[in-house]
Amino acid sequence: MNLEDLRATSDLLARLDDEHFEMFQELSTERDLAYDDRLFRENDEADEFFIVTNGIMALEMTRPALPPATVQTLGTGELLGLSWRIEPHRWMWTARAMTPVRLAAFNAAEMRETCASDPELDRLMWEIIATQASKRLHQARVQLLDLYGKG
Amino acid sequence: MLPRPFQVTGKNVETSDTVTLELTAADDGPPIVFTPGQFTMVYVFGVGEVPLSISGDPDRPGSLVHTVRAVGAVTNTICALEPGDTVGVRGPYGTGWPDARNRDLLVIAGGIGLAPVRPLIRRAVAHRHEYFSVGLVYGSRSPSELLYRDELDGWRHGAAIDVQVTVDRGGPTWRGDVGVVTPLVQRIRYVTDETVAVICGPEMMMRVVARTLEDRGMAPENIYVSLERNMKCGVGLCGHCQFGSDFVCTDGPVFPYSHVAYRLGIGAQ
């Protein structure tokens with residue numbers, strides 16, 4: 001799938017008007033990952049962000065003497081990476097491909113620069129990031145409730 | 001109202017606390033013909049009676065199948081039954097899932113909530129050509145607590161059903177999604193105002209999923225939920241399962257979300 005295919009169902013892309021959607025398309029490059037490939041590592045510089053166009057990515061945290069713990073997965077149409085926009089621009093998780101994955105990749109510095117010269121895009125990007133952060137916080141809280149337990 | 005004797009003729013241990021029992025009538029009575037979504041009252045002699053959703057194949061009414069999780073005295077005893085043991089059965093009772101033939105069908109289940117929707121999925125699998133897109137989104141606590149694992153694989157690979165599974169906590173060998181079901185619902189591309197969505201699981205999960213579907217543009221009339229309340233008689237006489245103006249045992253357990261949405265938002269005081 002490409003960004004055009006995803007536009008109707010991705011809550012991120014659906015927020016963009018035609019002009020900014022075209023800008024997104026122009027700024028994106030395709031990236032393919034094989035199963036188990038690591039995309040970025042916890043605490044590295046967050047110099048890119050991504051939209052998953054096919055496959056499943058895992059966000060995980062390394063643990064001493066144990067396999068990494070997956071905290072969340074992100075699938076087709078979802079935004080991967082919020083830290084590129086939030087100081088100090090360091091990844092909070094490690095991202096690994098759980099299937100063969102195709103991504104639309106964006107250069108963070110370039111996007112930040114574009115946002116600085118386009119207040120409307122800047123506002124949209126903050127709105128998108130705030131929405132994603134809010135949704136993920138809600139999902140994490142629901143997970144904490146252990147709904148499928150016997151309680 | 002009199003329970004009929006049924007003998008346990010098959011048992012499959014699904015997880016550490018959940019079993020699937022196959023029951024066969026031990027009298028000369030008719031087979032239990034049911035609509036997916038209905039339940040029976042199962043009586044363990046000398047222990048008590050509980051409502052159990054039917055989780056078997058609607059095209060095989062001679063075989064009554066229940067998937068039971070051990071959560072109390074009666075269900076603990078049911079889970080310990082072995083082939084040859086006898087229980088009493090009344091029913092089937094209650095309303096069933098809607099007819100989704102000639103429409104897209106999306107099933108969203110959480111935990112033990114997969115059991116009450118299994119008959120609906122089995123019917124869709126057996127009559128696949130009568131449905132448009134069919135999807136299942138299933139959430140569980142961990143990989144070891146997934147129900148019907150072989151069947152899930154069969155539906156995914158052999159029945160043209162879009163099966164997506166997520167767990168709250170994956171392990172080192174888990175290669176699927178981790179997290180709640182709502183992002184997976186978000187990924188389903190064929191959700192329209194014509195889709196029929198059925199949701200079965202913990203009530204909080206059903207509320208969150210129903211709201212997600214509404215945000216995607218689905219009409220609440222096309223979203224169905226199965227409620228669990230304290231059902232005793234099963235036939236609307238005792239009032240134990242009263243839920244506002246409804247009795248869950250006769251007016252439900254399956255309700256259109258539009259009918260119960262407001263009441264679901266009111267928690268226990």
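Naming convention: chains lettered A, B, ... in sequence-line order (proteins, then strands); numbering from 1 in each chain.
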With a 4.5 angstrom heavy-atom cut-off, could you sort out which part of B/D17 is near chain A: side chain, backbone, both or neither? side chain
Supply the atom-to-atom distance B/Q186 CD to A/E78 CD, rounded to the nearest 0.5 angstrom. 8.0 Å
Quick one: what part of A/T76 sits under 4.5 Å from any heavy atom of chain B, side chain, backbone, both or neither? backbone
Taking every non-hydrogen atom, the tightest pair across B/V178 and A/T73: N-OG1, 2.8 Å
Which one wins on heavy-atom pair count under 4.5 Å against chain B: A/L145, A/L66, A/D5? A/D5
Contact leader toward chain A among B/E145, B/R216, B/R189, B/Q164, where contacts are heavy-atom pairs under 4.5 Å: B/R189
Over 12 foreign heavy atoms within 6.0 Å of CZ, A/R63: yes
Residue by residue, scan residues 33-61 of chain A and write down, ordered by number, those that have a heavy-atom distance under 4.5 Å to chain B; if none do, write 'none'. A/Y35, A/I56
How many angstroms lie between atom CD of B/E203 and atom CG of A/L147, to the nearest 0.5 angstrom? 11.0 Å
Please classify the contact of B/V208 with chain A as side chain, backbone, both or neither, using a heavy-atom distance under 4.5 Å. side chain
Look at the side chain of A/Q143 and the backbone N and O of B/D168, then say whether any donor-acceptor pair between them is shorter than 3.5 Å. yes
Decide yes or no for B/V180 and A/Q72: does some side-chain heavy atom of the first lie under 4.5 Å from some side-chain heavy atom of the second? no
Output for pair (B/R187 CZ, A/L6 CG), nearest 0.5 Å, gives 12.0 Å
More than 12 heavy atoms from other groups under 6.0 Å of CD on A/E120: yes
Please rank B/P183, B/G113, B/G171, B/P172 by heavy-atom pairs under 4.5 Å with chain A and give me the top one. B/P183
Given B/M204, B/R169, B/R69, the one with more heavy-atom pairs under 4.5 angstrom with chain A than any other is B/R69
Counting only heavy atoms not in B/K232, do more than 12 sit closer than 6.0 Å to its NZ atom? no
Any side-chain heavy-atom pair of A/Q139 and B/T182 under 4.5 Å: yes
